[in-house]
Asker: 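The structure that follows is given in the form of structure tokens.
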Amino acid sequence: MPENALPALRDFLVARYDELKQRLARRLGNAERAGDALQDTWLRLESRDDIDGVHDPAAYLLRVAVNLAYDQVAKQGRLATSDEIEALLDETPDPAPGPAQIAQDRAELATLRALIERLPPRRRQVLVMVRWQHLPQREVAARLGISLRTVEKELKEAHDHIAARMGRADRMPQGREPHEK
């Protein structure tokens, strides 16, 4: 997920609300409590400025909702038993990727490496310097002795080429870096 994961988490919660509520209701044993917990989760996301390091939005949102549901139960004066707490924690998915996800990620990485290797040298160099070395586009232009417009063009061409071949046109970052406007 991006550095500030809040917008993506909010979008994920809205888009997958029914699925998340269903999963949470199974864990909590109560659909109404699940709905309340997801509402509280939304409010929690709205009150935050940023969240980073979220790799699995579903696991993150479910963990927040479970914790909020537990807090709500505690506030209502009914303390959950240790068995109930343990059941909630045991059923929360492990955010670490499973074997299938690891295999898929490795295959995608191998495909990405092959696509990058096939780029023209300057285009590959621009892509690596901007996206992996995190150099500002102006600095890349200066280091390579080319114009900023050429850097932007090469970066866009590299993104378009890779995205088209990986079927991910919607996931490739485009345009200038925010700090360069």
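Values below: every heavy atom of this structure, side chains too, minus hydrogens, waters and symmetry copies. Bear in mind that the values here come from a model prediction, so they are computed numbers and not experimental data.
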Asker: What's the spacing between Gln39 CD and Leu13 CG if we round to 0.5 Å?
Answerer: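 If I round to the nearest 0.5 Å, the distance is 9.0 Å.
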Asker: Compare every heavy atom of Ala31 with every heavy atom of Ala25, then report the nearest pair and how far apart it is.
Answerer: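 Scanning both residues completely, I find the closest heavy atoms to be CB-CA, 3.8 Å.
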Asker: As a quick check of understanding, evaluate salt bridge (charged side-chain N to carboxylate O under 4.0 Å, His left out) for Glu157 and Lys153, giving each step before the final call.
Answerer: CA-CA 6 Å; Glu157 291 293 324; Lys153 179 181 169 264; 5.7 Å; no
Asker: With rounding to the nearest 0.5 Å, note down the distance linking CD1 in Ile162 to CZ in Arg131.
Answerer: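 If I round to the nearest 0.5 Å, the distance is 10.5 Å.
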Asker: How far apart are the closest heavy atoms of Leu24 and Ala34, and which atoms are they?
Answerer: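 Smallest heavy-atom distance, with atoms named: CD2-O, 3.6 Å.
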Asker: Flag yes if more than 12 heavy atoms outside Glu32 fall under 6.0 Å of its CD atom; otherwise flag no.
Answerer: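 Not more than 12 within 6.0 Å, no.
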Asker: Same cluster or not: are Met166 and Ile102 linked, directly or through other Ile, Leu, Val, Met, Phe, Trp or Tyr residues, by side-chain heavy atoms under 4.5 angstrom apart?
Answerer: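 Met166 and Ile102: separate clusters.
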Asker: My understanding is that only one of Leu61, Leu62, Val66, Leu68 makes a side-chain contact (heavy atoms from CB on, under 4.5 Å) with Val64; could you say which?
Answerer: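 Among the candidates, only Leu68 passes.
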Asker: Using a 3.5 Å distance criterion without hydrogens, assess whether the side chain of Thr150 forms a donor-acceptor pair with backbone atoms of Ile146.
Answerer: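 Judged by distance alone, no pair lies under 3.5 Å.
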Asker: Taking CZ in Arg124 as the centre, count heavy atoms belonging to other residues, nucleotides or ligands within less than 6.0 Å. Is the count above 12?
Answerer: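 Buried by this count: over 12 neighbours within 6.0 Å.
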Asker: Quick check: do Arg10 and Glu46 have side-chain heavy atoms less than 4.5 Å from each other?
Answerer: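 Yes, close enough: below the 4.5 Å cut-off.
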Asker: Any chance you could measure Tyr17, atom OH, to Gln22, atom CD, to the nearest 0.5 Å?
Answerer: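 Result: 12.0 Å between the selected atoms.
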Asker: Start with the C-alpha gap between Asp105 and Gln101, add the side-chain angles, then the distance that decides, and say whether side-chain hydrogen bond (donor to acceptor under 3.5 Å, both in side chains) holds.
Answerer: CA-CA 6 Å; Asp105 291 347; Gln101 184 65 47; 2.7 Å; yes
Asker: How long is the gap from OG1 on Thr41 to CG on Leu9, to the nearest 0.5 Å?
Answerer: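 It comes to 10.5 Å.
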Asker: How many angstroms lie between CD in Gln125 and CD in Gln133, if you round to the nearest 0.5 Å?
Answerer: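 One gets 8.5 Å once the value is rounded to the nearest 0.5 Å.
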Asker: Pairing donors with acceptors under 3.5 angstrom, does anything connect the side chains of His161 and Arg123?
Answerer: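 Side-chain D/A pair, His161 to Arg123: absent.
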Asker: Taking only Lys NZ, Arg NE, NH1 and NH2, and the carboxylate oxygens of Asp or Glu, determine whether Glu152 and Lys156 approach each other closer than 4.0 Å.
Answerer: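 Result for this pair is no, no salt bridge flagged.
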Asker: Run the salt-bridge test on Glu117 and Arg113 with the 4.0 Å N-O cut-off and return the result as yes or no.
Answerer: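 Answer for the salt bridge query: no.
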Asker: Rounded at 0.5 Å granularity, tell me how far CG in Leu144 sits from CD in Glu154.
Answerer: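 Taking CG in Leu144 and CD in Glu154, the distance rounds to 9.5 Å.
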